[in-house]
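What you see below is based on every heavy atom in this structure, not just the backbone, and it leaves out hydrogens, waters and symmetry mates. Lettering follows sequence order; numbering is per chain, from 1.
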Amino acid sequence: MSIAIVLFALLVTAWFLAMIESWTATGRLHPAAPLLSGLAHLGRESVVPRTPDRVFFETAPVLLLVAAMLGAAVLPLAPNLIIADLATGALFFNAALAYVLVALIMGGWGPNGAYAMVGGWRFLGQLIAYAMLIVMPITAVAMRAESLVNTAIVGSQESLWNIVYQPLGFVLFYIAAMALAFRPPFDLPTAEGELAGGVDAEYTGVRLAVLRLARLLLVVTLASATTVFYLGGWHGPLLPPWAWSLIKTLAVAVSMLLVGHYLPRIREADLLGWCWKLGIPLALLNIFIVGLLILVVP
Amino acid sequence: MTPVLILALLTGAVLFGVGVYGALSQTNLVMIMMGVELILAGALVNLVAFWRFLHPEVYSGQMFVLVVMTVMAVEMAVGFGVATARFRAKGSVEMEEAEDLKG
Amino acid sequence: MTPDPILTATGVRQKRPSVLQKLFSRALASNLSCLVVPGPEIALAHGLDVKAVGMRIAGTPRDASVLLIVGKLPEKMSEAVAVLFAQMPRLRAILVLGARPPSSLPGTDVSGDLSQAALIEAVARLKQVMAKGAFASSPEDFDSSVLHARTEYVCPMHPEVVEDEPGSCPKCGMDLVARETGESTPEHHHDHEHEHHHHGHDHGEHEDEHEQCHGHEDREHQNHHDHRQDHEPEHHPDHNHDHSEGEGHKQEKAETEYTCPMHPEIVRDEPGSCPKCGMDLVAREDMEDDGGGEEAPGHGNDHEHQHHHDHSDYDEHDHEHHQDDGHEHGHGHSGHEHGGHDHGASGFMSMIEVTKDLPRSADGLQMDWLEVPFGPVFPGLPGGLKLTLTLDGDGVTEGQAASVVGITSEGEEDGEMDANTFIEHLSSAMPLAPVSYRLLACLAIERAAGLEDDSANAGGRTGALERERIASHLGWLARFGHQMGFAWLANRASTLQLNVQAASKEGLIELEPSLQALATRVGRTPLLKARLRGIGVLPTGSSDLRGPVGRASGKGGDAWARLWQRLDEIPASLDLIKAAVEPELPVLRNIGSDVSGTGETTVETPRGESRLKVSLEHGQVTSYELDTACSHHIDLVAELVKGRELGDALVAVGSIDLSPWEVIS
Amino acid sequence: MYIQAFFVAVFGLAAIGFGVVVFRTSSMVRSALALLFSQTAVGCMFLAMQSEFLGVLQIMMMATEMSIMAIFMVMFMMDPGGLGGMDMSHQKRFSLGAGGIAAATAIAVALLSDWGPVTAEAPDAAMQTRELGFEMLGRSMLIFETAAVTILTAMIAATATAIPAREPANHDHKETSR
């Protein structure tokens, strides 16, 4: 039952995001836009490029979808609304999202095109730059909760949300999450102006529909993670817990979609430089500060 | 004696065998590293199985697994370092062409 | 217009129309995405607002369902368009505005004039057509002469080995890999299934067209495969097995020797086992003969040779699971295995041999380089500009730019031309700066006719020129924003450009605050400075730099300086407009019917100074010489992109605001 | 019990299957990703054997590790796409024999040894994570720290080995221009 509800909530959020996305592309807010665009994709031919690595080409969008869903599976919507409340939930979240990288490498290599391949390898090149900034802030969050269980992490924020307790961690995580979801301004693997769509470039029809859905779900998953780890998850007055989770997730997801609208794409060299030289030391500092706070403040 | 333990040990054994075959038969340094990774994966399976089915109360078993995982990472790092240096110097990471390393 | 609302047969999908299909086509009709050819900036310059009619602008043909052709296309461009159309997945339509459809395309679905009203009307009609006639039982294959290619077989390791038939490499015994070339020679008639129509036609002059757009390969033959999937068994003919054998023997001239895989020092003339380890000896060609004899011609430009083809068939792929190519691979493989003894192809190939001729990257590793075409229709580059970059991973090692749409004439093109026709000709050839070139032509002809400069209409002309400068800079901002993924800037600047183009003097003055706001906003954008600072630095004081590019070279000469130079020129132009009278399109003054002479003049177009020299004879333009800023700037590209990261290189190219139309070829 | 046996067997077979694929395909990216999925299957085996932390850790670490493997494969292979179907192995018979003997020995040991009494119940996952933490930062702290320092050293050493030598900088230029 809770599985169905969580999946439904995921879909609703993705639907909403798709609406926003089509709004930014066409300037029209249309409630049925996601349905129409999905149907349009299904109705079109799904071209297979010449001499592809067929296995990779077919698997990549599905793997991306699965990775995003697995990540969402360990994030609670409400105290009991969670697909799997693992004892190592926070770690599992990282593990699931590591496969986003694998999916992109497959999607870059599979279609046998230069743009896609450069896109795929670009994402691998950024790997440590953003992956460390996902893992290390989560470490600090888990330190405060003294648990890797995601429901316990939300529980630890009842009095004070983590965004206040460790704002540095929030900022790092938010940026890294956008890089992991390769949304603008971090859309280096799919940069349209540079790589003509990159990893997305060769997908059409049904496969493109799956890929788009997967990318939206990835944003939802990361927004949901931001909510769980930093925004107090289901905590909030008046409304039922699931509503608070949904509202916060939506807000974060929409912000992730819109921020890139107002920023130019980041240079790859800058991204790597800043993440390595600034982000990782800051993340370590964040862990240190949180550790001090835990020891000092009862 | 549990069949699960035996199953896991058998898997570990076969992975080990495949890894040994790979490490010995491949001519490319990177492929040899893949073989070594498989050997270590076989070892990992055994370690976890021993911990789980023989001494679940002793956490040094899990610690051992972590150490082996570290070894895998170290092996990768050093292996790629050597491969890159060799490729830079000789233009090849093929074992057949590593005549200067022959004893 | 079309009585029967159905898409052209090359655009429909093969499905029996059903309820579900109807739903799909409805959805598609309400979700059009168009690929604008030659480029979105041309549509904007013509005052077309594609977004306003509810179409999304697609970056790639893969993503597009409508091919929107704006205006007349030069010949090279219309060939590229055919390739683009072939790359579009089915349920694709062609919408042509203001021109006849290029002959390379199978006709149009909807056409109209070059105006926003016509666009709105055309899109409405297109939606109907899409909704009703999207599926048909008998789609046609799109087959244009431009798309024909011949399949040839190359060794992945030895690019100099090019065979007409599958087989194994005479040097290393590896299976040859199929790839298509644009050129085809009439004598190669193969009856392989996979070649179907891609052979036997002589289209040598189209060599490169085939791959030039977007670097996507032509997918047309893929469509064919889709359609004939029921005939799958036919795809596995074994009949050309003998080719490979024959080919192998023919090539096999080098001496064969046998060596132990483990002990290279063991070399025998005949097969046997190794005295040291007892392993079977492996046949090997005599490497030295081989290297000296066959490789020599290709040594110097080995990588170029290889990479020239890489972009169409990137050669690092495994296609053993790809049914379409599986058969040729399969039998080639068997050829290889027998070949081990038959023709001495060896089991051991030297990696040192392979890598020694590869170029070294900046980090000192020998890597494969990849020559990738960007354009002529590439999102983020002006349409018609073809950039060929040699990529080393994400870095550009070298690159050149060429214009596909450049003006071809520097002299008497079509013989004599009426003065007014000439003005029209010149201004329509420069869709990104028509007013400037109209003014240039008018002035030059007036000079030639011996007329004095007239201050009466100078004000209106200045107004029009400056208005175009603002519009052009805004158009550049829009394109630059799109290239950098800065969606807000792209949207805002293109909206403003549309407004500015049509505005009167008062309208322009009203727009001033929004233009200022745009500049302020750009100045405040985070990351932008980091993105542009130090990118595309041009040497100061070079005489080739003109216009904003030249003026920015004193202020740092990088992309950031050029951005600000253009942003600063907008208010300066506004001031000029304020001082002048109502902008009006330059019209040729009465020069009399029978004047002769030559006149030379320069106009500071939005992209820099252009010079025109016209010879008049009896009121007819007999010859002219044109010199534009862009034809100088395009030569800077090679230096700008060299050794840069891909993103930086493209930004650097974007920042000099090349108009491929103004490149004189 | 049976469910556990089933999952261990399934993931074990998957691990072995992908492990074999590593050396059977000539496409290098496929090789690397097959190894990745083999390792992932091993991680899933850990999960099936109720050691959740280790399983998840294995799944996470291997994804990144093997992706890096993939790019090195592409860099350092002659024919990374495997289009030429070239044979990149040597001493096949010897290796097969050695691998077979190694596997057979290990299997024999597994089957013939008396492993003693087996604990049916494992501690629950949260408990395990906690206890492992105490183990890691308590009794085994020295080992843990040593491992950490080792990997840091290895990273630095590997980088130092891989980057071009500083001194003969001119030499490199010559090579490029040649």
Side-chain angles (χ1 to χ4, degrees), chain A residues 51-57 59-60 63 66-67 70-71 74 84-110 112 117 120-132 134-135 138 142-143 145-152, chain D residues 18 21 25-40 42-44 46-47 50-75 80-84 122-134 137 155 159:
Chain A
T51 59
D53 196 319
R54 196 69 186 251
V55 179
F56 286 1
F57 184 68
T59 322
L63 183 62
V66 169
L70 280 179
V74 294
D85 195 11
L86 293 183
T88 52
L91 188 69
F92 184 87
F93 176 77
N94 286 319
L97 291 187
Y99 285 81
V100 171
L101 167 71
V102 179
L104 274 181
I105 289 176
M106 288 170 126
W109 180 261
N112 189 5
M117 194 170 74
W121 292 137
R122 262 186 182 189
F123 199 62
L124 176 63
Q126 302 162 24
L127 160 74
I128 296 175
Y130 67 78
M132 278 297 144
I134 294 273
V135 175
I138 291 183
M143 275 164 65
E146 296 184 10
S147 171
L148 288 172
V149 184
N150 285 334
T151 46
Chain D
F18 279 119
V21 169
T25 170
S26 50
S27 162
M28 292 308 120
V29 178
R30 281 196 183 184
S31 257
L33 290 190
L35 183 58
L36 160 63
F37 289 118
S38 174
Q39 302 279 13
T40 308
V42 167
C44 293
F46 295 178
L47 291 183
Q50 292 159 289
S51 58
E52 197 178 298
F53 183 82
L54 294 179
V56 173
L57 192 68
Q58 165 91 358
I59 291 173
M60 180 175 90
M61 275 182 61
M62 291 308 149
T64 49
E65 233 174 77
M66 297 308 146
S67 305
I68 293 172
M69 188 82 113
I71 196 164
F72 276 95
M73 294 300 316
V74 175
M75 275 167 76
L83 278 183
D124 77 287
M127 173 77 179
Q128 271 183 47
T129 318
R130 197 180 156 75
E131 288 295 325
L132 180 59
F134 281 127
L137 298 174
M155 275 161 63
T159 315

Exercise for review: Measure from the side-chain N and O atoms of A:Thr88 to the backbone N and O of D:Phe53, and report whether any donor-acceptor pair falls under 3.5 Å.
Suggested key: no

Review point. For chain D, which of A:Leu86, A:Leu148, A:Val149 has the most heavy-atom pairs under 4.5 Å?
Key: A:Leu86

Review point. Under a 4.5 Å cut-off applied to non-hydrogen side-chain atoms, are D:Arg30 and D:Val21 in contact?
Key: no

Check your understanding: Checking heavy atoms, do the side chain of D:Leu33, its backbone, both or neither come under 4.5 Å from chain A?
Key -> side chain

Review point. Can you tell if the side chain of D:Thr40 reaches within under 4.5 Å of the side chain of A:Tyr99, non-hydrogen atoms only?
Key: yes

**Study point:** Contacting region of D:Thr129 [heavy-atom separation from chain A under 4.5 Å]
**Key:** side chain

Check your understanding: Would D:Phe18 and D:Val42 count as a side-chain contact (heavy atoms from CB on, under 4.5 Å) if you check the C-alpha gap in whole Å, the side-chain angles of each, and the deciding distance to 0.1 Å?
Key -> CA-CA 11 Å; D:Phe18 279 119; D:Val42 167; over 6 Å; no

Check your understanding: So what's closer than 4.5 Å to chain D heavy atoms on A:Leu124: side chain, backbone, both or neither?
Key -> side chain

